[in-house]
Visitor: 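Below is one structure. I have some questions about it.
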2 protein chains.
Amino acid sequence: MTLKELAERLGLSPTTVSRALNGYPEVNADTRARIVAAAREYGYRANTMARKLATGRSMAIGHVIPLSAHQMINPIFAEFMAGASEIYSSEGYETLLSAVPQANEVQTYRELARRRSVDGLIVHTPRLDDPRVDLLRELGLPFVVHGRSVDIDEDRPVYLDINNRRSFEFATNYLIELGHRRFALLNGIETISFARRRRFGFEQALDAQGLRAPASRMVNMEMTETNAYDVTCAWLREPQPPTAILTSSTISALGVARAVRDAGLELGVDVSLISHDDDLSFMANEGDPPPFTVQRSSVRDAGAKCARMLIDHIAGKKVSSEIWDCEFIEGRSTGPAPKET
Amino acid sequence: MTLKELAERLGLSPTTVSRALNGYPEVNADTRARIVAAAREYGYRANTMARKLATGRSMAIGHVIPLSAHQMINPIFAEFMAGASEIYSSEGYETLLSAVPQANEVQTYRELARRRSVDGLIVHTPRLDDPRVDLLRELGLPFVVHGRSVDIDEDRPVYLDINNRRSFEFATNYLIELGHRRFALLNGIETISFARRRRFGFEQALDAQGLRAPASRMVNMEMTETNAYDVTCAWLREPQPPTAILTSSTISALGVARAVRDAGLELGVDVSLISHDDDLSFMANEGDPPPFTVQRSSVRDAGAKCARMLIDHIAGKKVSSEIWDCEFIEGRSTGPAPKET
DNA sequence: GTGAAAGCGCTAACAT
DNA sequence: ATGTTAGCGCTTTCAC
């Protein structure tokens with residue numbers, strides 16, 4: 001069933017039918033009602049391709065993610081997509097997923113732009129000196145960054161970021177207040193800009209109290225359980241092991257927890273652990289629910305927000321970047337710091 | 001740069017240029033060379049929407065996945081998509097992702113069909129009595145099922161499945177040979193057809209040796225670490241605990257491993273554990289690499305294969321379903337069964 | 001081997 | 001408030 005056919009059956013012109021169905025105001029209410037009824041009756045749906053060609057808009061949002069799968073396995077990514085998808089479909093957008101090897105990344109964006117496959121893009125997990133921002137600007141494609149790619153001149157791209165610095169500062173302060181003095185930070189690789197900000201927050205909080213963590217206790221690694229396990233084991237074998245460990249993903253938190261247990265120590269008594277997973281954060285001792293939740297500003301909400309920002313951006317509306325603060329949700333303590341030995 | 005513009009610059013008709021660029025045979029070799037050169041020079045790319053409209057093909061493959069995120073978090077899904085994506089892009093297809101609440105599933109497929117948004121679909125994680133197969137057939141959309149939805153009359157939809165029954169039979173036999181007699185099965189919920197086949201394989205192997213697992217030792221649960229931990233703890237507290245546990249996901253395997261350790265037992269000595277994660281399977285004791293790999297028939301390959309099958313299917317080629325057998329890759333034992341007590 | 005012309009199904013000026 | 005007319009950029013008969 002095409003628009004033309006529908007129009008013929010109604011004895012109207014395709015134009016009127018199109019207008020009625022697309023909610024243009026200048027259509028007689030009765031006519032519109034008739035048209036809408038007929039459309040439903042015949043199960044008419046506009047052919048997307050025709051519409052796209054005519055309007056020049058693809059009504060699709062692109063997500064280019066590295067094929068390494070590290071990204072896609074990430075529960076954070078899934079949550080983000082869930083939030084974004086909801087907005088997309090409510091606004092009539094489709095989701096175009098490009099899983100490509102990191103090496104083809106630039107080429108993929110170029111192709112997407114040339115073929116006009118998407119109206120806009122979300123940039124995930126910005127890296128330091130990320131080429132994508134400039135690239136997309138050059139290509140003239142609207143985009144929203146989830147995170148911040150640049151430190152100076154932050155306001156140029158539209159972005160939504162979680163205040164990673166502040167949440168780590170906050171968490172560190174919390175542990176300081178509990179009496180901890182020997183800290184360690186198990187962080188992601190610092191090419192991801194999230195990771196660097198987290199370290200800043202951590203160092204800042206320690207600094208303010210005249211404390212510091214030695215370089216050997218601020219580790220940048222790929223966030224796997226095994227890595228976290230190994231590093232933590234090494235720390236715990238040292239003569240003055242850390243009593244407070246901060247890390248930045250659920251996965252690594254599991255490794256830390258295992259190492260603590262295997263060292264014959266108890267989590268929440270001998271060692272306090274705070275994990276801040278990308279945007280979804282909690283203080284992970286054992287138990288469910290976790291005894292202490294840093295925030296649940298919810299990646300899902302972030303996904304929805306980014307989607308909305310992008311759609312507005314595409315529509316030419318003025319959108320401003322946002323930085324979301326983390327909230328501590330449940331204040332249950334993880335137990336006091338151990339006595340100084 | 002449009003086709004028309006390019007044609008004008010070359011002093012040719014759009015028709016010829018189109019034919020040359022699309023590899024039609026009836027174009028003079030020289031003309032074609034000129035055209036191709038010019039196209040590259042000007043960076044010409046055909047507008048996908050126009051092409052889509054003209055050909056009636058959307059050049060997109062749809063993946064509808066439940067918003068519950070359980071699916072998307074799944075590393076298996078990520079691997080599958082990685083494999084499929086590679087084929088898609090090499091064949092000029094794009095990936096359309098629809099993350100929708102399970103409740104809107106049917107509606108989503110209908111919409112996709114009516115709007116002609118995709119040329120075909122991959123059906124993930126078929127359930128028992130899955131409505132999608134009949135629905136898609138009704139809608140006339142080509143599709144390939146990853147897994148099998150129906151037991152009887154299996155050959156109707158095009159599918160690619162891993163032989164789950166056989167891999168569990170195999171794994172169970174392996175444990176029987178090691179001397180185990182007390183078995184337990186930690187399985188997914190049986191509305192997922194994978195899960196049921198796994199149980200069949202497990203029971204079949206036991207049966208053949210005159211063994212059986214009591215109903216209380218064949219549990220269907222959502223595959224979370226916590227669930228697995230709890231169930232295993234309960235089992236291990238019983239007077240005659242199982243010495244061999246089979247489970248069907250990496251996540252649940254972690255829970256089992258933790259429970260075994262917490263019970264003061266040793267994995268690979270007191271309890272043998274085999275995990276078969278969706279399609280990516282291994283025998284999980286502690287350590288890396290796992291001491292015993294059931295298979296790595298590789299979900300990625302499966303993704304690529306499904307993609308290829310679907311594309312052929314769309315092209316009208318005859319495709320037949322496949323069932324892939326698992327292979328045991330490394331035969332290192334997990335240690336003997338404990339003495340009967 | 002090449003081109004002219006007619007769509008694909010829709011939207012958007014521009015009438016009326 | 002409705003219709004007429006042109007496209008959108010490409011593919012594809014059908015002539016030559």
Side-chain angles (χ1 to χ4, degrees), chain A residues 1-36 38-39 42-60 92 94 111-119 314-316, chain B residues 1-36 38-39 42-60 92 94 111-119 315:
Chain A
M1 167 71 62
T2 71
L3 185 69
K4 202 172 141 203
E5 285 166 15
L6 183 62
E8 274 163 13
R9 278 183 221 237
L10 284 160
L12 290 166
S13 77
T15 320
T16 305
V17 178
S18 168
R19 280 198 278 243
L21 260 21
N22 290 314
Y24 281 64
E26 67 263 42
V27 183
N28 181 310
D30 292 350
T31 317
R32 167 172 279 131
R34 258 180 67 217
I35 293 174
V36 169
Y42 297 121
Y44 167 80
R45 280 296 118 128
N47 178 316
T48 29
M49 302 171 220
R51 170 178 290 170
K52 286 171 184 177
L53 180 59
T55 57
R57 312 196 320 160
S58 70
M59 291 308 282
E94 285 170 339
E111 204 71 358
L112 247 27
R114 271 202 294 218
R115 298 160 58 169
R116 302 260 148 74
S117 296
V118 298
D119 292 336
I314 291 169
Chain B
M1 168 70 63
T2 71
L3 186 68
K4 203 172 138 202
E5 285 165 16
L6 184 61
E8 273 163 14
R9 277 182 221 238
L10 284 160
L12 290 167
S13 75
T15 320
T16 304
V17 178
S18 168
R19 279 197 278 241
L21 261 20
N22 290 313
Y24 281 63
E26 68 265 42
V27 184
N28 180 310
D30 291 350
T31 318
R32 165 172 281 130
R34 259 179 67 216
I35 294 174
V36 169
Y42 296 121
Y44 166 80
R45 280 296 119 128
N47 178 315
T48 28
M49 301 172 217
R51 170 178 289 168
K52 287 170 185 177
L53 180 58
T55 57
R57 312 197 319 161
S58 70
M59 292 307 282
E94 285 170 340
E111 206 71 358
L112 248 24
R114 273 201 294 216
R115 299 160 57 169
R116 300 262 145 74
S117 297
V118 296
D119 291 335

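By convention in this document, chain letters (A, B, ...) are assigned in the order of the sequence lines, proteins followed by strands, and residues within each chain are numbered from 1.
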Visitor: Output the rounded distance in Å from CE (Met59(A)) to P (dC10(C)).
Guide: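 It is 15 Å, rounded to the nearest whole Å.
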Visitor: Which nucleotide in the list dG3(C), dT11(D), dT11(C) gets nearest to the side chain of Ser13(B)?
Guide: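 Among dG3(C), dT11(D), dT11(C), the one nearest the side chain of Ser13(B) is dG3(C).
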Visitor: Check whether any side-chain N or O of Thr55(B) sits under 4.0 Å from OP1 or OP2 of dT11(D), and answer yes or no.
Guide: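 So the side chain of Thr55(B) is outside the cut-off, no N or O lying under 4.0 Å from OP1 or OP2 of dT11(D).
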Visitor: Would you indicate which nucleotide in dT2(C), dT11(C), dG9(D) comes nearest to any side-chain atom of Thr2(B)?
Guide: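 In terms of side-chain proximity for Thr2(B), the closest of dT2(C), dT11(C), dG9(D) is dG9(D).
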Visitor: dC10(D) phosphate, OP1 or OP2: any side-chain N/O from Tyr44(B) under 4.0 angstrom?
Guide: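 Yes, because at least one side-chain N or O of Tyr44(B) sits under 4.0 Å from OP1 or OP2 of dC10(D).
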Visitor: As a test of reading the structure: which of dT2(C), dC10(D), dG9(C) is closest to the side chain of Leu53(B), going by heavy atoms?
Guide: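 Ranking dT2(C), dC10(D), dG9(C) by closest atom to the Leu53(B) side chain puts dG9(C) first.
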Visitor: Which sits closer to the 5' end of DNA chain C, Glu26(B) or Ala50(A), going by the nucleotide each is nearest to?
Guide: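 Counting from the 5' end, the first nearest nucleotide belongs to Glu26(B).
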Visitor: Determine whether the side chains of Ser13(A) and Thr16(A) contain a donor N or O and an acceptor N or O closer than 3.5 Å.
Guide: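 Yes, a side-chain donor-acceptor pair sits under 3.5 Å.
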Visitor: Here's a test of your reading of the structure: between Pro25(A) and Pro14(A), which maps to the more 5' nucleotide of DNA chain D?
Guide: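 It is Pro25(A), whose closest nucleotide lies nearer the 5' terminus.
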Visitor: Between P on dT13(D) and OH on Tyr24(B), what's the gap in Å once rounded to a whole number?
Guide: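 Taking atom P of dT13(D) as the reference, OH of Tyr24(B) is at 8 Å.
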Visitor: Could you check which of dG9(C), dC10(D), dA1(D) has an atom nearest any side-chain atom of Arg51(B)?
Guide: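 Looking only at heavy atoms from C-beta outward on Arg51(B), the closest nucleotide is dC10(D).
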Visitor: Quick one: Leu3(A) CG to dG7(D) P, roughly how many Å, whole number?
Guide: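 Value for this atom pair: 19 Å.
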Visitor: Using the test salt bridge (charged side-chain N to carboxylate O under 4.0 Å, His left out), find all partners of Arg34(A) that sit at least two apart in sequence or belong to another chain.
Guide: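 Residues passing salt bridge (charged side-chain N to carboxylate O under 4.0 Å, His left out) with Arg34(A): none at all.
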Visitor: Which whole-number value in Å describes the distance from Arg115(A) CZ to dG9(D) P?
Guide: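 Result: 16 Å.
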Visitor: Sub-3.5 Å donor-acceptor pair from the side chain of Arg32(A) to the main-chain atoms of Ala20(A), do we have one?
Guide: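 Checking the backbone N and O of Ala20(A) against the side chain of Arg32(A), a donor-acceptor pair under 3.5 Å is found.
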Visitor: Could you tell me whether the side chain of Arg57(B) reaches within less than 4.5 Å of the side chain of Lys52(B), counting heavy atoms only?
Guide: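 The answer is no, as the side chains (C-beta and beyond) never meet within the 4.5 Å cut-off.
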Visitor: Can you measure Lys4(A) atom NZ to dT5(D) atom P for me and round it to whole angstrom units?
Guide: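 For the pair Lys4(A) NZ and dT5(D) P, the rounded distance is 14 Å.
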Visitor: Between Thr16(B) and dG3(C), is there a side-chain N or O to OP1/OP2 distance below 4.0 Å?
Guide: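 It does, given that an N or O in the side chain of Thr16(B) lies less than 4.0 Å from OP1 or OP2 of dG3(C).
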Visitor: Of all the nucleotides listed (dT2(D), dG9(D), dC10(C)), which has the minimum atom distance to the side chain of Leu12(A)?
Guide: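 Out of dT2(D), dG9(D), dC10(C), the nucleotide with an atom closest to Leu12(A)'s side chain is dT2(D).
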Visitor: Quick one: Lys52(B) NZ to dT11(D) C1', roughly how many Å, whole number?
Guide: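 It is 15 Å, rounded to the nearest whole Å.
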Visitor: What is the distance, to the nearest angstrom, from the CG atom on Leu6(A) to the C1' atom on dT2(D)?
Guide: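 Roughly 16 Å, once rounded to whole Å.
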Visitor: When the distance from CZ of Arg57(B) to P of dC10(D) is rounded to whole Å, what number comes out?
Guide: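 From Arg57(B) CZ to dC10(D) P: 17 Å.
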Visitor: Taking the side chain of Arg19(B) as heavy atoms from C-beta outward, which of dT12(D), dT11(C), dT2(D) is closest to it?
Guide: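 That would be dT12(D).
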Visitor: Between Val36(B), Leu12(B), Asn22(B), which is the residue that forms a side-chain contact (heavy atoms from CB on, under 4.5 Å) with Val17(B)?
Guide: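 Testing Val17(B) for a side-chain contact (heavy atoms from CB on, under 4.5 Å) against Val36(B), Leu12(B), Asn22(B) leaves exactly one candidate, Leu12(B).
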Visitor: Remember a base hit wins even if backbone is also touched, and classify Thr15(B) as base, sugar-phosphate or nothing at under 4.0 Å, heavy atoms.
Guide: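 The answer is base, as Thr15(B) lies within the cut-off (heavy atoms under 4.0 Å) of a base atom.
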Visitor: State, with a plain yes or no, whether a side-chain heavy atom of Leu53(B) is found less than 4.5 Å away from one of Met49(B).
Guide: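 A side-chain contact is absent here, since even the closest heavy-atom pair is not under 4.5 Å.
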Visitor: Look at Thr31(B) and dG1(C) and indicate whether a side-chain polar atom (N or O) is within less than 4.0 Å of OP1 or OP2.
Guide: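 Thr31(B) to dG1(C) OP1/OP2: no side-chain N or O under 4.0 Å.
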Visitor: Can you tell me which nucleotide in dG9(C), dT2(C), dT2(D) comes closest to the side chain of Asn47(A)?
Guide: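 For the Asn47(A) side chain, the nearest candidate turns out to be dG9(C).
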